[in-house]
Amino acid sequence: MTTIRHEATVPLSAAGWRFDRALAEMFPEYSRSRLTAWVKAGAVTLDGALAPPRQLLRGGEQVRLEVELEAEVELAPEAIELEIVHEDEYVLVLNKPAGLVVHPGAGNAAGTLLNALLHHDPKLAELPRGGIVHRLDKDTSGLMVVAKTLAAHTALVEMLSRHDVERQYEAVVLGTLVAGGTVDAPIGRHMGDRLRQAVRDEEDGKHAVTHYRLRERFRAHSLLQCNLETGRTHQIRVHLAHINHPLVGDPLYGGGLRLPKGATPELVAALRGFRRQALHAERLAFEHPISHEPLSFSAARPADQQELIDALRADTQQADPDDWS
């Protein structure tokens, strides 16, 4: 069990402030809601006595914080192999394979990334969601960052909310684009299907922006680079389907298998065999939450996506010009 201890003096400039507001300024490595919960639990004293979060301060008081972190996640650790790209005292960056669920849920009570993380580092059980601050869909591969301390967790959550974490994806989509662009369209839950998201109006959806750039054009498909400005559920999948270029293999938004006219047997086999959305989180860049050092990581596309792209290239090179879409 981890114990957190801090002692500090309320600055004179905080005279007239509420206790919880002053704590948030004095200990920015923890969220205000968490500090307030600790005050209510009696883990924070003001001049040696308990005080409510609304207590007004005069400045100069002595604050003592002592908290024993208890498990926030009750889940069995599992020895699931992880591809760790970077790890230090505060953060862990990993390359998630396609097919691995991030959080337990209906139908996925075990065998998740969270189970694997708790086996790798049992102390992650003391953090919200085991330190996971963002997610990838089950069948999306690529880079994720995980916090290893409360201070790192608070900082990373704030960076994500400010859009200060760069997330870059590679996607294979249906149809041929001639240039890149931006999709700026709110996303919310689908009206008729609880498993899906959809582009909604501003009242029913959350602000969502995806930038995409054309990397390579095939005969009936395109290879795109996608950069997220926001991070909504299924954002890239929904936005690309919205512009009529859904991801290859996407079971929710792809509209089913589509074979180009005159496709080579190898491409037919590749498209039939690709049973997930062709989306890979290839680059992740952010400022280290504690040292503030700039960090940048990349992950090569997985073998199945590479094989799909190879088949698309070969088909394009061999195709009759009349068969181009």
Side-chain angles (χ1 to χ4, degrees), residues 82-88 90-100 102 113 117 131-148 152-153 155-173 177 179-184 208-217 221-240 245 247-250 274 276-310 312-313:
L82 294 173
E83 182 183 342
I84 296 175
V85 177
H86 168 85
E87 185 172 17
D88 59 39
Y90 302 100
V91 297
L92 178 155
V93 177
L94 58 92
N95 184 15
K96 186 189 85 67
L100 182 62
V102 172
L113 175 62
L117 287 169
I132 295 172
V133 294
H134 67 117
R135 62 186 289 273
L136 293 176
D137 295 333
K138 173 185 175 182
D139 288 327
T140 298
S141 58
L143 296 168
M144 294 179 59
V145 60
V146 177
K148 294 182 63 178
H153 185 274
L156 285 169
V157 168
E158 290 181 353
M159 280 190 276
L160 284 161
S161 68
R162 297 193 307 263
H163 315 308
D164 287 341
V165 177
E166 181 183 345
R167 289 171 288 173
Q168 181 171 299
Y169 294 73
E170 179 184 74
V172 183
V173 303
L177 290 88
T182 295
V183 183
D184 184 346
V209 178
T210 303
H211 306 283
Y212 62 93
R213 182 169 69 85
L214 178 64
R215 282 187 170 172
E216 192 169 350
R217 185 171 176 258
H221 299 79
S222 299
L223 180 65
L224 303 182
Q225 172 185 311
C226 298
N227 293 83
L228 292 179
E229 190 170 311
T230 55
R232 308 304 177 197
T233 301
H234 298 177
Q235 178 173 317
I236 292 175
R237 299 166 67 186
V238 172
H239 273 171
L240 293 180
H245 291 287
L247 293 168
V248 169
D250 192 329
F274 203 87
R276 68 176 183 92
Q277 62 266 12
L279 186 63
H280 174 61
E282 64 180 6
R283 185 171 186 274
L284 185 68
F286 57 95
E287 183 181 275
H288 192 282
I290 306 302
S291 70
H292 306 297
E293 171 191 4
L295 300 176
S296 178
F297 307 97
S298 60
R301 67 173 66 108
D304 63 343
Q305 193 154 312
Q306 182 65 60
E307 291 169 3
L308 173 63
I309 292 170
D310 288 344
L312 288 165
R313 284 179 180 146

Original post:
Taking only residues two or more places apart in sequence, or in another chain, which ones meet His86 in a ring-ring contact (aromatic ring centres under 6.0 Å, His included)?
Top reply: Phe297
Original post:
How close do Leu247 and Val173 get, heavy atom to heavy atom, and via which atoms?
Top reply: CD2-CG1, 3.9 Å
**OP:** State whether the side chain of Glu282 and the backbone N or O of Gly142 hold a donor-acceptor pair below 3.5 Å, judged by distance alone.
**Re:** no
Original post:
Which value, rounded to the nearest 0.5 Å, describes the distance between Leu113 atom CG and Arg135 atom CZ?
Top reply: 11.0 Å
Original post:
Are any of the side-chain heavy atoms of His134 and Val165 separated by less than 4.5 Å?
Top reply: no
Subject >> Note, Leu82 side chain near Leu92 side chain (heavy atom, < 4.5 Å) >> reply: no
Subject >> Step-by-step side-chain contact (heavy atoms from CB on, under 4.5 Å) determination, Glu87 to Lys148 >> reply: CA-CA 9 Å; Glu87 185 172 17; Lys148 294 182 63 178; 2.9 Å; yes
**OP:** Can you measure from CG (Leu117) to CD1 (Ile84) and round to the nearest 0.5 angstrom?
**Re:** 8.0 Å
Subject >> Flag side-chain contact, heavy atom, 4.5 Å: Ser141 against Asp304 >> reply: no
Subject >> Spacing of CD belonging to Gln225 relative to OH belonging to Tyr169, to within rounding of 0.5 Å >> reply: 12.5 Å
Original post:
Looking at residues at least two apart in the chain, or sitting in another chain, which of them share a salt bridge (Lys or Arg N to Asp or Glu O under 4.0 Å) with Asp164?
Top reply: Arg162
Subject >> Nearest atoms (heavy-atom pairs only) where Leu160 meets Arg167 >> reply: CD2-CZ, 4.1 Å
Original post:
What pairs with His288 under side chain to side chain contact (heavy atoms under 4.5 Å, CB included), at least two apart in sequence or on another chain?
Top reply: Asp88, Tyr90, Val91, Ile290, Ser291, Glu293, Leu295
Original post:
What is the minimum heavy-atom distance between Ala299 and Ala281, and which atoms define it?
Top reply: CB-O, 4.5 Å
Original post:
What distance separates Arg301 CZ from Leu223 CG, expressed to the nearest 0.5 Å?
Top reply: 6.0 Å
Original post:
Checking Ser222 side chain against Arg217 main chain: does a donor-acceptor pair fall under 3.5 Å?
Top reply: no
Original post:
Considering residues at least two apart in sequence or located in another chain, which fulfil the side chain to side chain contact (heavy atoms under 4.5 Å, CB included) criterion with Arg313?
Top reply: Glu216, Phe218, Gln306, Ile309, Asp310
Original post:
Is the closest side-chain heavy-atom distance between Phe274 and Val172 below 4.5 Å?
Top reply: no
Original post:
What pair of heavy atoms forms the shortest contact from Leu228 to Gln235, and how long is it?
Top reply: CD2-NE2, 3.2 Å
Original post:
How many angstroms lie between NE2 in His245 and OH in Tyr212, if you round to the nearest 0.5 Å?
Top reply: 7.0 Å
Subject >> From CA spacing to verdict: side-chain contact (heavy atoms from CB on, under 4.5 Å), Leu308, His221 >> reply: CA-CA 11 Å; Leu308 173 63; His221 299 79; over 6 Å; no
**OP:** Answer yes or no: is there a side-chain heavy-atom contact under 4.5 Å between Leu214 and Leu224?
**Re:** yes
Original post:
Is there a side-chain contact (heavy atoms from CB on, under 4.5 Å) between Cys226 and Leu279 once you walk through the steps?
Top reply: CA-CA 10 Å; Cys226 298; Leu279 186 63; 5.5 Å; no
Subject >> Val146 versus Ile132, closest heavy-atom pair with distance >> reply: CG1-N, 4.1 Å
**OP:** Could you tell me which non-hydrogen atom of Ile236 sits nearest to which non-hydrogen atom of Thr210, and how far apart they are?
**Re:** CG1-CG2, 4.2 Å
**OP:** Taking His211 for its side chain and Asn227 for its backbone only, find out whether a donor-acceptor pair lies under 3.5 Å.
**Re:** no
Original post:
Mind checking what makes ring-ring contact (aromatic ring centres under 6.0 Å, His included) contact with His234, not counting sequence neighbours?
Top reply: Tyr253
Original post:
Less than 4.5 Å apart, any side-chain heavy atom of Arg237 and any of Asp137?
Top reply: yes
**OP:** Give, for atom CD of Gln168 and atom OG of Ser298, the distance between the pair rounded to the nearest 0.5 Å.
**Re:** 9.5 Å
Original post:
Is the closest side-chain heavy-atom distance between Met159 and Pro289 below 4.5 Å?
Top reply: yes
Original post:
In chain order, what residues pass the side chain to side chain contact (heavy atoms under 4.5 Å, CB included) check against Asp139, with sequence neighbours excluded?
Top reply: Arg276, Gln277
Original post:
Are His280 and Asn95 side-chain neighbours, meaning at least one heavy-atom pair lies under 4.5 Å?
Top reply: yes
